[in-house]
Amino acid sequence: MNTKSLQASLLELVRRTSCDLPPDVESTLRRALAREQKGTTAKYALEVVHKNIALAREKSLPICQDTGSILFYVTGPKDLDSRAFRKAGDAAVKAATELGYLRQNSVDSLTGKNSGTNLGPGSPVYHFEQGSKRTIAVRLILKGGGCENVGIQYALPNGALGAGRDLAGVEKCLLDAVYKAQGKGCAPGILGVCIGGDRAIGFAHSKEQFLRTLEDKNPNPTLAKLETRVMKKANALGIGPMGFGGKTTLLGCKIGALNRLPASFFVSISYMCWAYRRRGCVIGGSGKVSRWLYT
Amino acid sequence: MIMTTPISEEVIRSLHVGQVVEVSGSVFTGRDSVHRHLYDGGKCPVDMRGSAIYHCGPVVVKENGVWVVKAAGPTTSIREEPYQADVIRMLGLRGVIGKGGMGKQTLEACREHGCVYMHAIGGAAQVLADVVTEVKDVYFLEKFGSPEAIWHFAVERFPVVITMDTHGNSLHSDVEGDSQKKLQELIAGI
Ligand code: SF4
């Protein structure tokens, strides 16, 4: 594969992700705007959000200055050279930072020093998976810090909530998490949820839910119903955009499930802000983009 | 309603939570390092009386010798809660701009000294950069680094929502209280 073309493709992927919100998110936000009452701060907040989305796209500048964690999800052929891919990804991230598509956002946890390039241990994050095609599908999520801070993990049973080890217990946790987040994760937000797994894979799987589109339907009918229920109830909490009060608290709720050990029952919840930056592309053998995803 | 800095105490005391206002004139960015510096007795290099401090780590670049703001959304305010009340008093601030709201001490300082908390729209980095008409000056750029420096912005119609006022009201605690009641109802029904 041509390294230069791959790098250029990934750079364009980063630019689009940071500056151009995907259509499913934008149309969901537009429906939210229509739902809020005229003259309310909720409507006002969403109007500013829309203006911001348009400006970022027009100027090719970051939608939010917190460009967040850089999460690559790569599905490639069985002979994909993951080390070479990482190299190209790192180079693209570095270039995107120099060009101002990404803020200098990666800090050494011990010294507090900013690497200035967004490169360093744990940044960016790459997840590799083997697919059945000759092409590489790359999906990128930028996840801000404000919303990451309101993520939470419950271990069931939970006495305070009266939540047992069943779907009713899970539902209670999800509503409690939305309540606890208030507007702090830049509501309206999206919940990515994993029922089960261990503490680490639970959170990882909860984030993978953000690869789905807001308009899709969960193939598991039990989870699909739970998603709908949680959406309805969470939006009845009245927290609203930015926590100003209003009808739109959640834009989406996406739930996955993994097996668990008999001894544990985790519910892992990641919160995504309205600036839900997710893009993807398919890259052919030449290293060039053959198709954009989520369009 | 448009308010131009320096804003009078009278105007600030006439504001109520839930009001949308726009600020024109001067605002000064300041986050963790600035607040700690002032709280520890450090000097403020610029007179902020009658204007607002903005919890923001902007992206500012120099183009042809001129500072240009590329992104300027608010950061989470609650981190400054231990310092904010003193900083309001010391600097004579009429506004604190940020996101997420602040706590009891700040609310009390707002009542006492005539200041309000102005909530900017989180994530709206471009809209908020767009209303900055000029970078007047920058302080502590070397000492604290760009995001933590004090940037003196000239702004025109900077949009905010008043969420904490001088009458002891906080929209944040109202919404939290109401949503907690609703949560208990919902949980009881599951
Ligand atoms: S939570 Fe999202 S929208 Fe809010 S500041 Fe962080 S990245 Fe931006």
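Given the structure is predicted, the values throughout are model-derived calculations rather than measurements. Below, read A as the first sequence line, B as the second, and so on, with proteins coming before strands; counting in each chain starts at 1.
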Q) Salt bridge between A/R16 and A/E12, side-chain N to carboxylate O under 4.0 Å? A) yes
Q: Could you tell me whether A/R30 and A/E26 make a salt bridge, using a distance below 4.0 angstrom between a side-chain N and a carboxylate O?
A: yes
Q.
Heavy-atom pairs under 4.5 Å with chain A - which of B/D178, B/D130, B/T163, B/T76 has more of them than the others?
A. B/D130
Q) Given a strict heavy-atom distance threshold of 4.5 Å, which part of B/E185 is in contact with chain A: side chain, backbone, both, or neither? A) neither
Q | When A/G238, A/G146, A/A236, A/G245 are compared by non-hydrogen pairs under 4.5 Å with chain B, the top option | A | A/A236
Q: Give the ring-plane orientation class for B/Y117 versus B/H119, where under 30° counts as parallel, over 60° as perpendicular and anything between as tilted.
A: perpendicular
**Q.** Residues, nucleotides or ligands: over 12 heavy atoms within 6.0 Å of B/F140 CZ
**A.** yes
Q.
Under a 4.5 Å cutoff for heavy-atom pairs, which residue among A/I239, A/T249, A/L161, A/N114 has the most contacts with chain B?
A. A/I239
Q: Please determine which of B/V96, B/V27, B/V23 meets the side chain to side chain contact (heavy atoms under 4.5 Å, CB included) test together with B/M118.
A: B/V23
Q) Side chain, backbone, both or neither: which part of A/K59 has a heavy atom under 4.5 Å from chain B? A) side chain
Q: Mind ranking A/R103, A/M242, A/Q104 by heavy-atom pairs under 4.5 Å with chain B and telling me who comes out on top?
A: A/M242
Q: Using non-hydrogen atoms and a 4.5 Å limit, figure out which bit of A/Y179 sits close to chain B: side chain, backbone, both or neither.
A: side chain
Q.
Strictly below 4.0 Å, N to O, side chains only: are B/K70 and B/E63 in salt-bridge contact?
A. yes
**Q.** Segment of A/N149 engaging chain B (4.5 angstrom heavy-atom cut-off)
**A.** neither
Q) Do you know which of A/K180, A/E171, A/K184 has the most heavy-atom pairs with chain B at a distance under 4.5 angstrom? A) A/E171
Q) Do B/K104 and B/E108 sit within salt-bridge range, that is, some charged N less than 4.0 Å from a carboxylate O? A) no
Q: Could you tell me which of B/G73, B/P58, B/G101 has the largest number of non-hydrogen atom pairs under 4.5 Å with chain A?
A: B/G73
Q) Is the shortest side-chain N to carboxylate O distance from A/K43 to A/E36 below 4.0 Å? A) no
Q: Measure distances from A/I53 to the heavy atoms of chain B and classify the residue's part below 4.5 Å as side chain, backbone, both or neither.
A: neither
Q. Quick one: of B/A129, B/G123, B/G18, B/A71, who has the most non-hydrogen atom pairs under 4.5 Å with chain A?
A. B/G123
Q | Under 4.5 Å from any heavy atom of chain B - which part of A/A168 | A | both
**Q.** Atom group of B/V175 that falls short of 4.5 Å from chain A, counting heavy atoms
**A.** both
Q | Note: B/R31-B/E80 ion pair, threshold 4.0 Å (strictly below) | A | no
